[in-house]
Amino acid sequence: MAILSGKSGSCWVAAAPATNYPPLEGSIHAEAIVVGAGIVGLTTALRLCEAGRSVIVIEGLRTGGQVTGRSTAKITTQHALIYHHLIDTFGRDLAQAYADANSAGAVQIREWVRNYGIPCDLEAKDAYTYTCDASRRAEIVAEAEAARQVGLNADSLERAPLPFETAAALRFSNQAQFNPAMYLVGLAQAVTARGG
Ligand SMILES: Cc1cc2nc3c(=O)[nH]c(=O)nc-3n(C[C@H](O)[C@H](O)[C@H](O)COP(=O)(O)OP(=O)(O)OC[C@H]3O[C@@H](n4cnc5c(N)ncnc54)[C@H](O)[C@@H]3O)c2cc1C
């Protein structure tokens, strides 16, 4: 039986190297100041650096140590049963825009991991949403159909590949997982290498 420490923490943050950037002193100038070295701030900063802008990133705590570094570490266009809901509620165009934005984000992460050689244990994986309730099978089938309508590689299965019984599963092929805290340390290094 595992004995847990009782302390909250993140295995991703624990495995990531600590960064040691200098404190902000005096006055400095840049075209853009990004507050927060999470995935949102560092993605913005690196995009700006790549576009030739001068950028300063200000982080109050530890790079990669907050929400991103404590997340579930999935890189996926699958978000429970969202596409059926989006098509039904807002129409096909908005659902398509949502799918495209999610796909572009996933592609961007893979490209940067490759181009900047970021060590973050990135692995391709299928993503699953499953139910143990047979009365919800139809929702899984409808979601797979909705996701395919916006061009995503989705299918519905009789059961998820889990060591217990499930009634149905939605599979999105070729998604990914990584260590998000290590990824952010790598993004920060890429920003620094480009003069940020
Ligand atoms: C439990 C959980 C699991 C999740 N799992 C996933 C998942 O598997 N896949 C997925 O895609 N998304 C997941 N998400 C969502 C995702 O983690 C967040 O949307 C994302 O990490 C938010 O990034 P961020 O850069 O805004 O936040 P953060 O990573 O928290 O970064 C914000 C940074 O700003 C700094 N900061 C804030 N204010 C200031 C200030 N005034 N001055 C200086 N610094 C400041 C903070 O210290 C912090 O480092 C999950 C969310 C949660 C809560």
Side-chain angles (χ1 to χ4, degrees), residues 4 7-30 32-50 55-83 85-86 95 97-114 116 118 120-130 143 147 150 152-154 160 162 169-192 196:
L4 302 176
K7 291 182 187 160
S8 65
S10 157
C11 56
W12 315 124
V13 175
T19 53
N20 186 23
Y21 291 105
L24 184 63
E25 279 168 3
S27 250
I28 45 175
H29 271 273
I33 297 178
V34 174
V35 179
I39 198 165
V40 174
L42 286 171
T43 299
T44 306
L46 188 51
R47 280 263 176 142
L48 287 166
C49 286
E50 287 186 338
V55 179
I56 294 168
V57 181
I58 298 177
E59 170 54 50
L61 298 169
R62 177 178 167 174
T63 300
Q66 315 322 312
V67 177
T68 309
R70 293 156 188 265
S71 71
T72 322
K74 295 175 294 164
I75 303 167
T76 178
T77 53
Q78 183 189 82
H79 305 290
L81 306 182
I82 189 76
Y83 294 100
H85 165 73
L86 289 179
Y98 181 90
D100 291 348
N102 273 266
S103 300
V107 166
Q108 175 72 92
I109 292 173
R110 285 178 196 234
E111 272 179 15
W112 275 344
V113 167
R114 187 177 58 245
Y116 291 103
I118 299 174
C120 60
D121 300 332
L122 182 76
E123 276 181 81
K125 294 271 182 188
D126 295 341
Y128 293 90
T129 290
Y130 66 88
E143 178 67 4
V150 291
L152 299 172
N153 187 2
L162 288 166
L170 171 73
R171 175 174 61 192
F172 279 32
S173 300
N174 195 27
Q175 309 295 296
Q177 68 179 28
F178 67 166
N179 178 321
M182 288 170 72
Y183 174 67
L184 293 194
V185 170
L187 280 193
Q189 284 166 352
V191 167
T192 312

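Counting convention: from 1, in listed order, for ligands and their atoms alike. Residue numbers count from 1 along this sequence. For the numbers below, each heavy atom of this structure counts, side chains included, while hydrogens, waters and symmetry mates do not.
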Check your understanding: So, T43 and Q108: side-chain donor and acceptor under 3.5 Å apart, yes or no?
Key -> no
Those residues at least two apart in sequence (or on a different chain) that pass side chain to side chain contact (heavy atoms under 4.5 Å, CB included) with A160 are Y130, L162, T166, A169
Steps toward side-chain contact (heavy atoms from CB on, under 4.5 Å) verdict (I58, V34):
CA-CA 6 Å; I58 298 177; V34 174; over 6 Å; no
Across all chains, not counting sequence neighbours, the side chain to side chain contact (heavy atoms under 4.5 Å, CB included) partners of T77 are Y83, N102, S103, L152, F172, Q175
Lining ligand 1 at under 4.0 Å, by non-hydrogen atom distance, are residues V35, G36, A37, G38, I39, V40, I58, E59, G60, L61, Q66, V67, T68, S71, T72, A73, K74
* Over 60° means perpendicular and under 30° means parallel, so classify the ring planes of Y183 and F178, tilted if in between. => tilted
By side chain to side chain contact (heavy atoms under 4.5 Å, CB included), T192 pairs with (sequence neighbours left out) Y21
